[in-house]
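Computed from a predicted structure; not experimentally measured. So that the names make sense, note that chain A is the first sequence line, chain B the second, and so on, each numbered from 1.
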Amino acid sequence: MSRQQVEMTVNGRVHAGEVEPRLTLVDFLREDCALTGTHTGCEQGVCGACTVLVDGEPMRSCLMFAVQADGAQVTTIEGIGGGREGLTPVQQAFMDNHGLQCGYCTPGFIVTVEAFLRDTPSPSDEQIREALSGNVCRCTGYQGIIAAVRQAADQLAAEARS
Amino acid sequence: MKPAAFDYVAPTSLDAALTALADGGYDAKPIAGGQSLVPLMAFRLAVFGQLVDLGRIEELQGVARDGDELVIGAATRQAAIAKDALVAEHAPVLAQATGWIGHQQIRNRGTIGGSICHADPAAEYPATAVALDATIDVASTRGRRSIPAAELFEAAYTTTLEPDEVAVAVRIPVRRPGEGTAIFEVARRPGDFALAGCVVRVATSGGAVIDARVLAFGVGGAPIRLAAAEAALAAGAGVGSQELTAALQADADGLTPPEDAQATSAYRHSIVVHVANTAIAEAIADSQ
Ligand SMILES: Cc1cc2nc3c(=O)[nH]c(=O)nc-3n(C[C@H](O)[C@H](O)[C@H](O)COP(=O)(O)OP(=O)(O)OC[C@H]3O[C@@H](n4cnc5c(N)ncnc54)[C@H](O)[C@@H]3O)c2cc1C
Ligand code: FES
Ligand code: FES
């Protein structure tokens, strides 16, 4: 089976490589790009730990092959916050509200929530719960995560007003 | 687990994809959103020599109106259907059905054609397509044909498509005045496949139901018409009436729902009556 050339932009940097078509996007990110912030839990689309943004939309990187992301813009947790700007409001809210414990699920949640609040700036509590339904957390019991999204949403809305 | 090795092509024209599938025979397989196919490959329940990606073919994308029909490209993503203005106006129950599919991350990649061709017995789109009298346009190097949705679903995960055929578009008659539609289901958790669900379309005249489609899913191999309930509704039986209740019970008694870790057969049997009643009431309210 022949290997194929892929090239994609990950967190603003071009990553190219020759891969087997069966290499999933998450394995490409973790092993070929050495970006291990994206986690795998189930590798069957259920847990959400592997969620990344592909051309701005949250998707399961375990249910995509790297060759399918050829030419795409990918954003992983490493591309969100950190550096000179510090944590994003979403990340800070997860810290403030005990939205994480072991942290294994957290990258998938943060990536999902960043896109959700971008598209839904003033969400209802029901919309928040629906948006989180595709991510599994075995530690927190979710209440802290829901509170974190509420805080981040309120803060972003206040910033948009001022 | 990791999928077995395969070759991969991502043609940008439908003709090239059809040729690749014709050349590949049983060893070649279309992939659209991959949200059903990739898990099967990861478990090695499915192994293919070549995947033909439909995701870069422009003519399989988008929603358009063609006379009395909406034409939805087979590779249009579920998330795009959920927020499409034409769908909201002319086939609102398709947008509602989309809300029941998995999670946002799944709908951002999964396609309407993929869902219909995968034919999961608990999926929302196949039953919705039958309830709306949709037609599926398919193509191969041997030519084109159109298959009524009611003739597409043979059994669980089995359609009447040939392996070299690709679904090109789903055609849905636009909603007519006096029509009402609804979908309702019960699942263990939001986003899970339905334990049982129901899609209903009623036609009314002067406020009275004159025709009905009542499609149950999750309770058999393919979407199942609840024919006694349809007949009772067309004969004027109202929501909560003895006639409709008896008809739904008769339909349910004719089903042998599957049994698995999620639900017993008996439990599915009891909720199909509940989801059908709810969807029927909502469809009638929607028609007024
Ligand atoms: C966690 C999770 C939850 C889910 N929950 C639901 C749910 O609640 N309800 C639901 O309905 N679905 C659910 N799904 C499945 C999802 O809707 C899939 O997107 C859909 O079933 C398949 O669409 P796809 O585009 O991803 O197709 P693929 O996975 O790419 O393909 C599926 C099958 O269809 C064939 N195929 C695809 N496109 C075509 C075409 N144009 N012509 C011919 N053959 C084609 C493929 O060869 C393959 O056999 C869920 C999936 C996951 C991972
Ligand atoms: S690892 Fe991708 S969804 Fe669980
Ligand atoms: S914090 Fe441990 S799984 Fe969510």
[atom1]/[X] to [atom2]/[Y] distance, rounded to the nearest 0.5 angstrom?
X: Q104(B); Y: M59(A); atom1: CD; atom2: CE; result: 9.5 Å
X: Q4(A); Y: D7(B); atom1: CD; atom2: CG; result: 7.5 Å
X: H103(B); Y: T112(A); atom1: NE2; atom2: OG1; result: 10.5 Å
X: Q35(B); Y: Q44(A); atom1: CD; atom2: CD; result: 12.5 Å
X: Q105(B); Y: S133(A); atom1: CD; atom2: OG; result: 7.5 Å

Selection from P3(B), A5(B), A42(B), G34(B) maximising heavy-atom pairs under 4.5 Å formed with chain A: A5(B)
Interchain contact, [X] with chain B, by part (heavy-atom threshold 4.5 Å):
X: C62(A); value: backbone
X: D27(A); value: side chain
X: F65(A); value: side chain

Beyond-backbone contact of M41(B) with R22(A), side-chain heavy atoms, under 4.5 angstrom: no
Flag side-chain contact, heavy atom, 4.5 Å: Q68(A) against I31(B): yes
Does [X], at its [atom1] atom, have more than 12 non-hydrogen atoms belonging to other residues, nucleotides or ligands within less than 6.0 Å?
X: E58(B); atom1: CD; result: no
X: E126(A); atom1: CD; result: no
X: R129(A); atom1: CZ; result: no
X: R138(A); atom1: CZ; result: no

Contact leader toward chain B among R60(A), E57(A), R3(A), where contacts are heavy-atom pairs under 4.5 Å: R60(A)
Smallest separation among heavy atoms of P21(A) and Y8(B), with atom names: CB-CB, 3.6 Å
Checking heavy atoms, do the side chain of [X], its backbone, both or neither come under 4.5 Å from chain A?
X: A79(B); value: neither
X: L51(B); value: side chain
X: N108(B); value: both

Pair R107(B) + E130(A), salt bridge at N-O below 4.0 Å: yes
Lys/Arg-Asp/Glu bridge criterion (N-O < 4.0 Å) met for E43(A), K2(B): yes
